[in-house]
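For reference, the structure discussed in these notes is given below.
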Amino acid sequence: MIRTRFAPSPTGFLHIGGARTALFCWAHSRKNNGKFILRIEDTDLERSTQASVDSIIDAMNWLNLDYDEGPFYQTKRMERYQEMIKQLLDSGHAYRCYCTKEELNQMREEQKAQGLKAKYDRRCLNKETHDNNKPYVIRFKNPTGGSVVWHDLVKGKIEISNQELDDLIIARSDGSPTYNFCVVVDDLDMKISHVIRGDDHINNTPRQINIFKAFNQEVPLYAHVPMILRDDGQKMSKRTDAVSVMQYKDMGILPEALLNYLARLCWGHGDNEIFTMQEFLEWFNLEHVSSSPARFDIKKLFWVNSNHIKMKDNHELAALVIEILNQKNIQVKESPKLVDVIQLVKSRSDNLNSLAAECSYFYNKFIPTAEEINQYLTNDALVILNKFTNELINLTSWDLQSIKDLIKNFCANENIKMPQLGMPIRLKICGTKNTPSFDEVIHLLGKTEVIARLTPNA
RNA sequence: GCUCCUAUAGUGUAACAGGUUAACACGUCACACUUUCAAUGUGAAGACUAUCGGUUCGAGUCCGUUUAGGAGUACCA
């Protein structure tokens, strides 16, 4: 049984690197009929907040990354950790350490001064007498010889000598367990088969494997996926970059488009660029995940998004667009139908916000800028517009072909070029220069509304 | 410093067990279409596969070197 887990620590929102990891965890379990588990790693009480938990779950929901078990909280499993710490203590795989922070710092400095690697020197390992009045931490007794080897599903074989590892603290002086220990106990209890996480955890892996072995348990398989960097190759920063998944929602990105783009970063299936989640599940394979970090290219994200907008059902798009229009206090009317408007304009937008903007002038008359008025709504243009309006009023059948014919004949009779009529019309009825074919706009908007908008005092 | 990870056009991936002129997409530029902006279509420029060396009849693909990025080296996660 394949069991994967996504284990964020709730110290902020879900960022896109996390979302990509979650996506791969989710995909790997879904593809193999396994289970996907959400675990909240909140042992850092100082920095963890409920608001972060909520926002992470909101983001997962928005992305449609559904989990089968959880969310589990580490803070609710403290008794279990204590039990397991005692086990290690009893089996001789852990010991008390009474060193103070000052003492440790001094030790490290001395080691560095001698050009050595800073490493706990085990001065408390064989302490016979225990003074219960003195505070102590509990350290894991790491093997000293040999090395830890695992075959990473993404990176290949990784080998780290035990010489490089020191006896990490598994319980703080207040008794609380630390990250590397909790992870092992959780992965054990939750029967995780595949640990898929960011490659910033590679260095933690050998320590965790050693703890698994101390418990005499089978270690899971590991897959360390590379980081996502900024377009200039620097690390993403919360301060300057859009790293929160929900910021992309606000930018009008579709969740399936974000996932598609994120999947394409660090993974590929031949030349396929645009795919549905179903196709992704068919094709996804951890072994095809690339091992080098990728840079985030927002232009391509928008391109991917525009493709998904074109693919998406008009009714579903309408529901999303209505929300945005409502926020702008624009009421969608019965006519023209929003789905028809969307059909006309959807190829013009690479995000939901601009799609909504393209729809908005069908329901609300906007006022052009002074500059536009000066350029296009000249006296001559207004005279032409007047004549054209009269012809529209007299037009008996309001079908697209009739409107097209009318425009064509009108321009011929007036001896003007299309833009001379088109641009003023766009500004007059839409309030903007950038619209689809104005014959289609006129047709869709309907006679009453078009005449009203073209009439001077309307 | 030490350990580990990484390195194919500006960007992202391809080239699935080493085999002809390294492909596709985004981006850029040009042209076409159009009534404007887009969308769409066609085409162009752009990499000697980070370095040096080795194995091989043959290497982007295997091995080593150097360099450059990144991660860790916490009573953070």
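Just so we're on the same page: letters track the sequence lines, and every chain starts at 1.
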| query | Take atom CD in A:Glu159; do more than 12 heavy atoms of anything else shown fall under 6.0 Å from it? | reply | yes
| said: Applying a 4.0 Å non-hydrogen cut-off, can you work out what A:Glu41 is touching in the nucleic acid: base, sugar-phosphate, or nothing? | reply: sugar-phosphate
| Distance between the P atoms of B:A59 and B:G1, in whole angstroms? | 35 Å
| request: Pick base, sugar-phosphate or nothing for A:Thr43, based on heavy-atom distances below 4.0 Å to the nucleic acid. | output: sugar-phosphate
| said: Work out how far the C1' atom of B:A68 is from that of B:C29, and round it to whole angstrom. | reply: 31 Å
| request: Tell me which nucleotide among B:C75, B:U36, B:G72 gets nearest to the side chain of A:Lys101. | output: B:C75
| task | Check A:Phe6, A:Phe36, A:Phe284 against A:Phe24 for a ring-ring contact (aromatic ring centres under 6.0 Å, His included) and give me the one that passes. | result | A:Phe284
| request: Indicate, with a heavy-atom threshold strictly under 4.0 Å, whether A:Cys182 touches base, sugar-phosphate, or nothing. | output: nothing
| B:A14 to B:A47 separation - C1' atoms, rounded to the nearest Å | 14 Å
| query | Side-chain donor-acceptor pair under 3.5 Å between A:Asn142 and A:Asp166, yes or no? | reply | no
| message | Taking pairing as Watson-Crick or G-U wobble with both contacts under 3.5 Å, can you name the mate of B:A30, or confirm there isn't one? | response | B:U42
| message | Between B:C48 and B:A22, how far apart are the two P atoms, rounded to whole Å? | response | 11 Å
| query | Base, sugar-phosphate, or nothing for A:Asn272, non-hydrogen atoms under 4.0 angstrom? | reply | nothing
| query | What's the CZ-C1' distance between A:Arg108 and B:G1, to the nearest Å? | reply | 16 Å
| field | Between B:U42 and B:U34 - C1' atom distance, rounded Å | value | 16 Å
| query | So, is A:Lys300 close to the B:U13 phosphate, meaning a side-chain N or O under 4.0 Å from OP1 or OP2? | reply | no
| said: Please report the distance separating the C1' of B:C16 from the corresponding atom of B:C75, rounded so that it comes out in whole Å. | reply: 48 Å
| query | For A:Ser292, which contact category applies under a 4.0 Å heavy-atom criterion: base, sugar-phosphate, or nothing? | reply | sugar-phosphate
| said: If I pick the C1' atom on B:A25 and the same atom on B:A15, what distance separates them, to the nearest angstrom? | reply: 15 Å
| Does a donor on one side chain and an acceptor on the other come within less than 3.5 Å for A:Asn272 and A:Glu279? | no
| field | Spacing of A:His288 atom NE2 relative to B:C16 atom P, expressed in whole Å | value | 10 Å
| remark: A:Ile202 CD1 to B:C4 P, in whole Å, measures 12 Å
| task | Would you check if the side chain of A:Thr432 reaches a backbone N or O of A:Asn434 as a donor-acceptor pair within less than 3.5 Å? | result | yes
| query | A:Ser347 has a side chain; which of B:U6, B:G12, B:A38 sits nearest to it? | reply | B:A38
